Structures are given as C-alpha cells and as structure tokens.
Amino acid sequence: MIKKRNISLLVLSLVFGLLAACGTGGKATNDPKPGAASEPKQAGALQKIKDRGKLIVGVFSDKPPFGFTDEKGKLVGFDNDLARRFAKDLLGDESKIEFVVVEPASRIPFLQSDKVDLIVANMTVTEERKQAVDFTNPNLKAATQVIVRDDSGIKSLADLKGKKAIVTKGTTADIFLTKNRPDVELIKFEKNTESLQALKDGRSPAYAQDSLILLSWVRKNPGFTVLPEKLEKEAPIAPAVKKGNNELREWVNQELEALGKEKFLLQLYDKYVRAELGPDVNPNEIIVEGGKWQ
C-alpha cells in the first residue's frame, strides 16, 4: 500500500509540474517573447490605393499644355493624361482617379501631409527638393529661361540687373533667382496664369519659368521673346512621391519603362505639346521615353 501510495504521489507531482510549466508563470514554455505576438500586417502603399479604389494625384489646372482645364471643365493635358494611364494600369480603370489641384509651392506640402499619393505636375528635379520628396524616373526635361517684352530693351540675362522680374512661387525660377540674383527685384504670384497676366499687363518686363511653358505661350502672344540663355542647365522633370514611399516610386518607374516601349509619352506629346511648341522642336529634346535620363 505504501509503495502504491508513493507512486500515486509521484504521478500527481509530475502532473502538477507539467501544469505549472504550461501556466503563465512557467519558464519552460515556447510562448512568444513579449511584443513578438503576430499582428495584422499593414497594407503596403499600392494595396492601400487598391483598397481605397482610387489613385489621388496632385496636378496643375492652369499650365497648358501639361495640366489645364478644358472648355468642358475637365482636367486634361500631358501630365494629367499620364496620371489617368497610371490609374488604368494600377486599378484597371482610368476613371478611378481623384485629381487634386496644386500650385507650385503646394506640391511638396501636399505630399508630406498625405493629401495626395503622387504629384504629376511638371516638377523639376533639384537637390533641394530631393531632401523633401522622392522622385521617380523622369518623363520630361526642361531648362529655366526668361521671357521678356520686346520693347523692354532686355537682350540678355545680364540686362535683368536692377529690373523687376515675375516668378511663380515655388518654381525652380523662383528658387534660383532668389538665391543667385539679389540684383533682380522679384514679383511673386501663386499661379502661372496670374504671372503671365501680370507680364501682359506690364507689371514687369520679364517672367522666368520652365522653358516648355514659355515656348508654348510666346507662340500665341506676339510682342514677347524667350531669351536664349538659360538660368540653369537642362534638368529632368519627374513625378514625385512622399519621402520613403519606395513601393509606389518603384511601381511608377516600372510603369514608365513599360510605357516607353509603346511610345506612350510621344503619343501625349503629339496630342498636347507638338502644336504648342511648333514643328521646329524635336520631341526627343523634351520627352524622356522609358524614364531613362541621360
């Protein structure tokens, strides 16, 4: 009897020991370490857009031929149609897009505050902007130049000294002249249309802006000339994403490469830009097909 009782006690002791080890205080368990419990995985940037059902893109509404509002009130242009193609290839329908109208100075803040997924608004790539946003591969290239009134007497950039020049806030022209030409008095406006109207009204004899915009405008407005000198050397223009959004940036890069194979940017150039810049401009000097910057 004593032997059986001892065996029973031994069995009970082993059972209690196992129960204790499996309890909350047991050290011999395989429970995950604190904080290591699996949690629902956060959706990536592309999945968030797909779950939302639309791509939100910042675009211009007053910068023809790249982003403008047509006579029916529709946002169209080289950049805006490119954004629609992004929506089509990402979500299966080009109408699954929400356009948010931006001004040059609001492009970066809108990305940083998550008001848009992507900026497709004729933004020149600069080292300063690279610190604030991430650019994709480029789709266009342009230089910064100056348009002047023919009766202004201004024949070169040196002649701007002591004179007034119009710029649109947040553009590369604004940044460059503010930093490098303190001898030029700048008159700043929020919108490209406001700047061009001020030039026509005689508020200033000169307006500095991307060459693509100036070359287009001067063809329709006699009495003005684009100075051949450039404020800065030719630079790439590219879509931009929020800093660190590598997934969306890489998707756009792959998309631009794929669109390059079908010459899609050349199609947009023929639709919107060729007539604006005239037959003497080589589209290969303007568009970067396939996203490859040389």
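All values derive from a computational prediction rather than experimental measurement.
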CD1 (I147) and CD1 (I213) are apart, to the nearest 0.5 Å, by 11.0 Å

Any idea which heavy atoms bring V101 and S61 closest together, and the distance? CG1-OG, 3.4 Å

Closer than 4.0 angstrom, basic N to acidic O: yes or no for K271 and D81? yes

Do K115 and V100 come within less than 4.5 Å of each other through their side chains, counting heavy atoms only? no

What pairs with E285 under salt bridge (charged side-chain N to carboxylate O under 4.0 Å, His left out), at least two apart in sequence or on another chain? none

Enter the distance from K161:NZ to E185:CD here, rounded to the nearest 0.5 Å. 15.0 Å

Closest non-hydrogen atom pair between P109 and S113, with its separation: O-OG, 2.8 Å

Do I166 and L212 share a hydrophobic cluster, counting only Ile, Leu, Val, Met, Phe, Trp and Tyr and linking them when any side-chain heavy atoms are less than 4.5 Å apart? yes

Heavy-atom pair with the smallest gap, counting every atom of L256 and P138: CD1-O, 4.1 Å

Determine whether F86 and W251 make a side-chain contact, defined as any pair of heavy atoms from C-beta on separated by less than 4.5 Å. yes

For residues I154 and L160, determine if any side-chain heavy atom of one lies less than 4.5 Å from a side-chain heavy atom of the other. yes

Any side-chain heavy atom of T172 sitting closer than 4.5 Å to one from T126? yes

Does the side chain of K200 come within less than 4.5 Å of L196's, by heavy atoms? no

Would you call K188 and D174 a salt bridge, using N to O less than 4.0 angstrom? yes

Using only atom types and a distance under 3.5 Å, with no angle test, would you say the side chain of N282 pairs donor to acceptor with the backbone of N284? yes

Side chain to side chain contact (heavy atoms under 4.5 Å, CB included) for L266 and R274? Distances and angles first, verdict last. CA-CA 10 Å; L266 182 58; R274 188 180 293 276; 4.1 Å; yes

With side chain to side chain contact (heavy atoms under 4.5 Å, CB included) as the criterion, how do L82 and L265 come out once you've worked through the C-alpha distance, each side chain's angles and the decisive distance to 0.1 Å? CA-CA 8 Å; L82 176 60; L265 296 187; 4.0 Å; yes

Verify same cluster id: F189, F176 (apolar side-chain graph, 4.5 Å): no

Measuring from atom CG of N122 to atom OG1 of T124, what distance do you get when rounded to the nearest 0.5 angstrom? 6.5 Å

What I'd like to find out is whether the side chain of Y269 reaches to under 4.5 Å of the side chain of V281, using heavy atoms alone. yes

Which residue is it: I56, L55, V59? I am looking for the one with a side-chain contact (heavy atoms from CB on, under 4.5 Å) to F99. V59

List, one per line, each side-chain donor-acceptor pair under 3.5 Å for residues 222-233, sequence neighbours excluded.
from: T225; atom 1: OG1; to: D150; atom 2: OD1; distance (Å): 2.5
from: E229; atom 1: OE2; to: L157; atom 2: N; distance (Å): 2.9

Do the side chain of R219 and the main chain of S216 share a donor and acceptor less than 3.5 angstrom apart? no

Single-linkage hydrophobic cluster V102~L111, side-chain heavy atoms < 4.5 angstrom: yes

Contacts table for residues 64-78: side-chain donor-acceptor under 3.5 angstrom, sequence neighbours left out:
from: D70; atom 1: OD1; to: K72; atom 2: N; distance (Å): 2.9
from: D70; atom 1: OD1; to: G73; atom 2: N; distance (Å): 3.0
from: D70; atom 1: OD1; to: K74; atom 2: N; distance (Å): 2.8

Mark yes or no for whether Q197, through its side chain, and N192, through its backbone, hold a donor-acceptor pair below 3.5 Å. no

I'd like to check V57 versus I119 (side-chain heavy atoms, cut-off strictly below 4.5 Å). Are they in contact? no

Verify the cluster assignment for V273 and L215: are they in a single hydrophobic cluster under the rule of side-chain heavy atoms below 4.5 Å apart? yes

Under 4.0 Å between a Lys/Arg side-chain N and an Asp/Glu carboxylate O for K169 and E103? no

Shortest non-hydrogen contact from A83 toward I97: O-CD1, 3.4 Å

Can you name the nearest heavy-atom pair linking N137 to G291, along with the distance? CB-O, 3.0 Å

For residues A132 and I108, report the shortest heavy-atom separation together with the two atoms involved. CB-CG2, 3.8 Å

Taking K130's backbone N and O only, do any of them form a donor-acceptor pair with K243's side chain (distance below 3.5 Å, no angle check)? yes

Centre of F135's six-membered ring, under 6.0 Å away, within 45 degrees of the axis: is that where NZ or CZ of R129 sits? no

Tell me if a side-chain donor or acceptor on E250 pairs with a main-chain N or O of E247 at a distance below 3.5 Å. no

Answer yes or no: does atom CZ of R203 have more than 12 heavy-atom neighbours from other residues, nucleotides or ligands under 6.0 Å? no

Are the charged groups of D117 and R52 less than 4.0 angstrom apart, N to O? yes

Inspect the contact between K163 and D159 and indicate whether a charged nitrogen and a carboxylate oxygen are less than 4.0 angstrom apart. no

Set out, in order, the CA-CA distance, both residues' side-chain angles and the distance that settles side chain to side chain contact (heavy atoms under 4.5 Å, CB included) for Q209 and T171, then state yes or no. CA-CA 7 Å; Q209 177 60 283; T171 60; 4.1 Å; yes

Report yes if some heavy atom in the side chain of V288 is under 4.5 Å from a heavy atom in the side chain of N139; otherwise report no. no

Between E276 and K220, is there a side-chain N and carboxylate O pair less than 4.0 Å apart? yes

Are V167 and L199 connected in a single hydrophobic cluster, I mean Ile/Leu/Val/Met/Phe/Trp/Tyr linked by side-chain heavy atoms less than 4.5 Å apart? no

Side chains of N253 and E257 only: does a donor on one sit below 3.5 Å from an acceptor on the other? no

Determine yes or no for a side-chain-to-main-chain donor-acceptor pair under 3.5 angstrom, with D93 supplying the side chain and S95 the backbone. yes

Tell me every residue that passes side chain to side chain donor-acceptor pair (under 3.5 Å) with K96, counting only those two or more places apart in sequence or in another chain. none

Sorted by chain and residue number, the salt bridge (charged side-chain N to carboxylate O under 4.0 Å, His left out) partners of E255 (sequence neighbours excluded) come out as none

Do the side chain of D134 and the main chain of G244 share a donor and acceptor less than 3.5 angstrom apart? yes

Report the residues that fulfil salt bridge (charged side-chain N to carboxylate O under 4.0 Å, His left out) with K155, sequence neighbours left out, ordered by chain and then residue number. none

Main-chain N/O of A143 paired to S211 side chain as donor or acceptor, under 3.5 Å: yes

Run the side chain to side chain contact (heavy atoms under 4.5 Å, CB included) check on Y207 and T168 step by step: do they pass? CA-CA 9 Å; Y207 175 41; T168 304; 2.8 Å; yes

Any carboxylate oxygen within less than 4.0 angstrom of a Lys/Arg side-chain nitrogen, looking at R149 and D151? yes

Nearest 0.5 Å, what's the CE-CG distance between M123 and D79? 11.0 Å

